[in-house]
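So you know, we letter chains A, B, ... as the sequences are listed, proteins then strands, and number each from 1. Treat the numbers as computed from the prediction; the structure is a model and nothing was measured.
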2 protein chains.
Amino acid sequence: MIKTVSNRKRVKLSPKFVTNEIAINCIVFGYVGGNLKVLMVKEENDGENKWRLPATFMKKNETANDATQRLLQESGIKESIFLSQLNAHCDPNRMITIGHYALIDTEKYSINKSTMSWIKISYIQQLFYNQNAIFEEALMRLKRMVQDTPIAIKLLPRKFALPELMNLYEAILGVEIDKPNLRKKILGSKYVLQLNEKSYSFTYRSTKLYTLNLAVFNSYDSKIADYDF
Amino acid sequence: MIKTVSNRKRVKLSPKFVTNEIAINCIVFGYVGGNLKVLMVKEENDGENKWRLPATFMKKNETANDATQRLLQESGIKESIFLSQLNAHCDPNRMITIGHYALIDTEKYSINKSTMSWIKISYIQQLFYNQNAIFEEALMRLKRMVQDTPIAIKLLPRKFALPELMNLYEAILGVEIDKPNLRKKILGSKYVLQLNEKSYSFTYRSTKLYTLNLAVFNSYDSKIADYDF
DNA sequence: TCAAAAGTGTTGGCATTACACCCATGT
DNA sequence: ACATGGGTGTAATGCCAACACTTTTGA
């Protein structure tokens, strides 16, 4: 067996090693008004209103995760469905930004800052600095997760219709979904329970309502944890 | 369309926001002597030789990727098959460590530092600080990649036998592989070309040798790029 | 009454799994 | 000669994509 170091002397940094300020930003995904949206911050710039990703800096005694939780709290989001770190992006001589992405149940929590709002992902164009790269990374990770786990259901309201879920999948993946196959997959999975109610909220048509089968869903929690990386 | 900020005033940091020193470490995987191994650094500690992951600190003008490349260079590794960032691990009040993992063609490059050596992954026990978490993360990412892409072939010597590839898969995934099914998969994929040679190097038995079909393999480069996240 | 959208059923193909088996060879 | 490990073939399975189809319902 290989013996490894259990405690090590404190490293002394020579001047050539820089220390940096650490920025945190978070791509917050939510399903709002039938659309996949991202939480953005309004910023006054030369009298014009423009948008950027929510961001903060790491404080003393905080981990990156702590700082991100704080960032969410400050926006009125007490809890997220899922939160994970993305790559750290380095802008030499400027700063290091650790990206994150979060999934939010927008039925449970509403943002409390007038400077923020939900922006449809198709509207997001050119972000400044490295924020586009981080956004793309978040979207790619969301796509991967949504294809391999049932987590998308948690983005929907507690009572939802299958066409609504299909609409969400299409928004996230950016492709058309085959309706019969999606129904088979979802209903066959036992993730959802059918309710004795019908809805007119999503479309003008009435549709059967379903709700998450928590017991079955929770048995997949360990699989969802894999998507931390 | 939403307008976004294209340039922003420099942020002034208040004293409550800390700046940190950024450590880099890298889990370097290689296939050596029929085993999956990781590059470790010998460290004198109270007269005993112990092992740790290769590490450095980010210098001025460097990105995390730059620093990792430098770390590899300093060990004699000019090029890697694959290199990707892992999560940043935060130890409050101490430092931030950005993990990386690299795959190395050990036939092409040999380490030039007497303080380093290749350690079988099954021998790696308790690492100090957060290095275990980073190691587990690297291994999980490697497993995922190896299951979904043919990259494992690139870890092998230029000429290799199928039982050797099978052995590598078993070492990485930690499970038994069904021999007939693996053969079908690999040979059916056209990733490999059969050579008119036989080998006695891997086992005492003679086996047919194969080599990577670069043209076919390269058509999957874009898929491999997905594993940056 | 008609179009659009909800909802159902059938099919074929592809990939994965399990496993039985033959063959070559080093001891 | 025989055990070990290299190498081959086949059948069962399950998943997924494609698509034809019926039913409902709001306008």
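- Per the geometry, NZ belonging to B/K198 stands 17 Å off P belonging to D/dG5, to the nearest Å.
- Whole-Å rounding puts the A/L165 CG to C/dG7 P distance at 12 Å.
- B/F229 and A/F229 have their aromatic ring centers separated by at least 6.0 angstrom.
- When the P atom of C/dA18 is taken as reference, atom CG of B/L182 falls 14 Å away, rounded to whole Å.
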Worksheet entry | Full working for ring-ring contact (aromatic ring centres under 6.0 Å, His included) between B/F82 and B/Y227 | CA-CA 10 Å; B/F82 182 79; B/Y227 289 80; 7.7 Å; no
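- One side chain, A/T63 or A/D66, offers a donor N or O that lies under 3.5 Å from an acceptor on the other.
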Could you go over nucleotides 14-17 of chain C and give all protein N or O partners under 3.5 Å, atom names and distances?
| unit_1 | atom_1 | unit_2 | atom_2 | d |
| --- | --- | --- | --- | --- |
| C/dT17 | O4 | B/K184 | NZ | 3.1 |

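- The shortest distance between the side-chain N/O atoms of A/R183 and the OP1/OP2 oxygens of C/dT8 is below 4.0 Å.
- A/E164 has its CD atom 15 Å from the C1' atom of C/dA5, to the nearest Å.
- We find that NZ of A/K179 is positioned 15 Å from P of D/dC21, with the value rounded to whole Å.
- Between the CD1 atom of A/I177 and the P atom of D/dC19 there is a distance of 16 Å, given to the nearest Å.
- Using a 3.5 Å distance cut-off with no hydrogens or angles, the side chains of A/N35 and A/Y123 do not pair a donor with an acceptor.
- In this structure, A/E176 atom CD and C/dA5 atom C1' are separated by 14 Å, rounded to whole Å.
- When distances run from any side-chain atom of A/P180 to the nucleotides D/dG7, C/dT8, D/dG9, the shortest one goes to C/dT8.
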Discussion item. The test is salt bridge (Lys or Arg N to Asp or Glu O under 4.0 Å); show your working for A/E43 and A/R52 and say whether it passes.
Written reply: CA-CA 7 Å; A/E43 190 161 290; A/R52 61 167 178 83; 2.5 Å; yes
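- A side-chain N or O of B/E137 and one of B/H89 form a donor-acceptor pair less than 3.5 Å apart.
- Here the P atom of nucleotide C/dA6 and the CG atom of A/L187 are 14 Å apart, to the nearest Å.
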